[in-house]
Protein chains: 2
Amino acid sequence: MGASKLDIYTDQIIEIAAFAKVFAHPARVAILQYISKQENCICNDIVDEIGLAQATISQHLKVINEAGLLKGNFEGKSVCYCLNTIRFKEFQDAFNSYFNTTQTNCCSI
Amino acid sequence: MGASKLDIYTDQIIEIAAFAKVFAHPARVAILQYISKQENCICNDIVDEIGLAQATISQHLKVINEAGLLKGNFEGKSVCYCLNTIRFKEFQDAFNSYFNTTQTNCCSI
DNA sequence: TCGTAATATTGCAATATTACGATATGAAAT
DNA sequence: ATTTCATATCGTAATATTGCAATATTACGA
């Protein structure tokens with residue numbers, strides 16, 4: 001096979017995995033970090049910064065956008081991609097919620 | 001292609017991506033959650049709980065273990081896998097550190 | 001020692017991801 | 001209107017991941 005069996009997991013677990021997937025590639029981690037630092041973030045800047053082809057960056061941006069992590073002006077020549085900080089905080093909260101409820105020790109070795 | 005270009009990223013970014021990859025599959029998220037709840041966690045219990053084949057679970061456990069997230073008794077018939085809470089906390093701290101330094105807003109749309 | 005129970009490894013098929021060149025699109029400038 | 005610039009999409013090749021059956025390993029008990 002190769003496809004994930006999604007029907008056997010709870011919604012919370014699927015959400016965490018989906019969130020983690022966004023960060024599971026260094027290009028996307030780097031892109032998010034870069035976007036948060038810039039006043040005006042257009043794709044070509046990111047291309048120069050990260051060192052991947054424009055098509056590849058655009059593809060990663062799509063993944064980030066589909067996760068709801070972008071906002072801004074998507075039209076015209078001077079696109080301004082920005083981090084959706086509210087959504088970003090949702091990610092952080094979901095991770096922390098998962099981490100904080102998954103720390104019980106089961107044995108003392 | 002298909003392989004990641006790792007040489008163009010900082011160590012922090014590669015670490016975050018590697019950490020996220022562990023959680024990027026619902027089976028591993030579920031396994032970690034399950035392990036943390038049990039007194040004695042042996043693989044067969046997990047197989048029954050998660051609903052994947054024993055070989056598949058074992059494979060996911062290997063990924064989790066290679067990330068340093070397991071500890072316990074790995075020998076004999078009655079293995080006891082436990083969550084390495086110290087390492088787990090390292091993951092949480094790395095994520096939070098990344099999240100907290102990546103929240104600056106770049107435009108006000 | 002032999003069998004058994006529990007877990008790991010191997011090999012393979014199906015699918016997903018990553019990367020990039022080529023091309024399309026869309027808005028602004030000329 | 002045409003060109004230009006910035007970004008998106010398409011097509012495709014390379015690689016990675018997921019899942020499982022079959023088999024190997026390993027420790028314990030009879």
Side-chain angles (χ1 to χ4, degrees), chain A residues 1-9 13-14 17-31 34-35 38 40-67 70-82, chain B residues 1-9 13-14 17-18 20-31 34-35 38 40-67 70-82 107:
Chain A
M1 297 262 192
S4 300
K5 284 185 164 184
L6 287 176
D7 51 320
I8 56 178
Y9 306 107
I13 283 172
I14 290 169
F19 283 3
K21 216 165 210 176
V22 177
F23 297 99
H25 193 284
R28 291 193 288 269
V29 178
I31 288 169
Y34 182 72
I35 287 177
Q38 304 306 310
N40 286 292
C41 325
I42 53 175
C43 185
N44 227 42
D45 286 355
I46 303 177
V47 172
D48 294 341
E49 177 74 12
I50 312 279
L52 293 171
Q54 182 265 323
T56 309
I57 296 289
S58 189
Q59 204 171 236
H60 282 303
L61 277 169
K62 194 180 178 190
V63 174
I64 295 170
N65 189 38
E66 279 169 354
L70 295 182
K71 59 173 189 172
N73 172 30
F74 293 78
E75 281 157 41
K77 209 165 77 173
S78 49
V79 169
C80 177
Y81 273 137
C82 305
Chain B
M1 299 259 190
S4 301
K5 285 185 166 184
L6 286 177
D7 50 320
I8 56 180
Y9 307 107
I13 283 172
I14 290 170
K21 215 165 211 177
V22 177
F23 297 99
H25 194 286
R28 291 193 288 269
V29 178
I31 287 169
Y34 182 70
I35 287 178
Q38 304 306 309
N40 286 291
C41 324
I42 52 174
C43 184
N44 227 40
D45 285 355
I46 302 177
V47 172
D48 295 341
E49 177 73 14
I50 312 280
L52 293 171
Q54 181 265 324
T56 308
I57 296 288
S58 188
Q59 205 170 235
H60 282 303
L61 277 170
K62 195 182 177 188
V63 174
I64 295 170
N65 189 37
E66 279 168 353
L70 295 182
K71 60 173 189 171
N73 171 30
F74 293 77
E75 280 156 43
K77 210 164 77 173
S78 50
V79 170
C80 177
Y81 271 137
C82 304
C107 61

Side chain of B:Ser58 (C-beta onward), nearest among C:dA22, C:dA8, D:dC20: C:dA8
From NE2 of B:His25 over to C1' of C:dT15, roughly how many Å is that when rounded to an integer? 11 Å
Under 30°, 30 to 60°, or over 60°: which ring-plane class applies to B:His25 and A:Tyr9, parallel, tilted or perpendicular? perpendicular
Write down the distance between CG (A:Leu52) and P (C:dT18), rounded to a whole number of angstrom. 11 Å
Ignoring hydrogens and angles, tell me if any N or O in the side chain of A:Arg28 forms a donor-acceptor pair with the backbone of A:Val22 under 3.5 Å. yes
Between B:Val63 and B:Gln54, which is nearer to the 5' end of DNA chain D once each is assigned its nearest nucleotide? B:Val63
Of all heavy-atom pairs between B:Leu52 and B:Val47, which one has the smallest distance, and what is that distance? O-CG1, 3.3 Å
Would you indicate what B:Ala53 reaches in the nucleic acid, counting non-hydrogen atoms under 4.0 angstrom: base, sugar-phosphate, or nothing? sugar-phosphate
Round to a whole Å and report the spacing from CG of B:Asn65 to P of C:dA8. 9 Å
What is the distance, to the nearest angstrom, from the CD1 atom on A:Ile64 to the C1' atom on D:dT7? 15 Å
Write down the distance between CG (A:Leu61) and P (C:dC20), rounded to a whole number of angstrom. 14 Å
Nucleotide nearest A:Ala55 (side chain, heavy atoms from C-beta), chosen from D:dG19, C:dT9, D:dC10: D:dC10
Is the phosphate of C:dT17 approached by A:Lys21 (side-chain N or O, under 4.0 Å from OP1 or OP2)? yes
Considering just the side-chain nitrogens and oxygens of A:Tyr81, establish if one lies under 4.0 Å of OP1 or OP2 belonging to D:dA8. yes
Heavy-atom closest contact (B:Phe23 atom, B:Val29 atom, distance): O-CG2, 3.2 Å
Nearest-Å distance, CD (B:Gln59) to P (C:dT10)? 11 Å
Are any of A:Thr56's side-chain N or O atoms less than 4.0 Å away from OP1 or OP2 of C:dT18? no
For a quick test of reading the model, state the closest non-hydrogen atom pair linking B:Ile57 to B:Ile46 and the distance between them. CG2-CG2, 3.7 Å
Taking pairing as Watson-Crick or G-U wobble with both contacts under 3.5 Å, can you name the mate of C:dA5, or confirm there isn't one? D:dT26
Taken to the nearest whole Å, NE2/A:His60 to P/C:dC20 is 9 Å
Between D:dT18 (P) and A:Ile14 (CD1): distance, integer Å: 15 Å
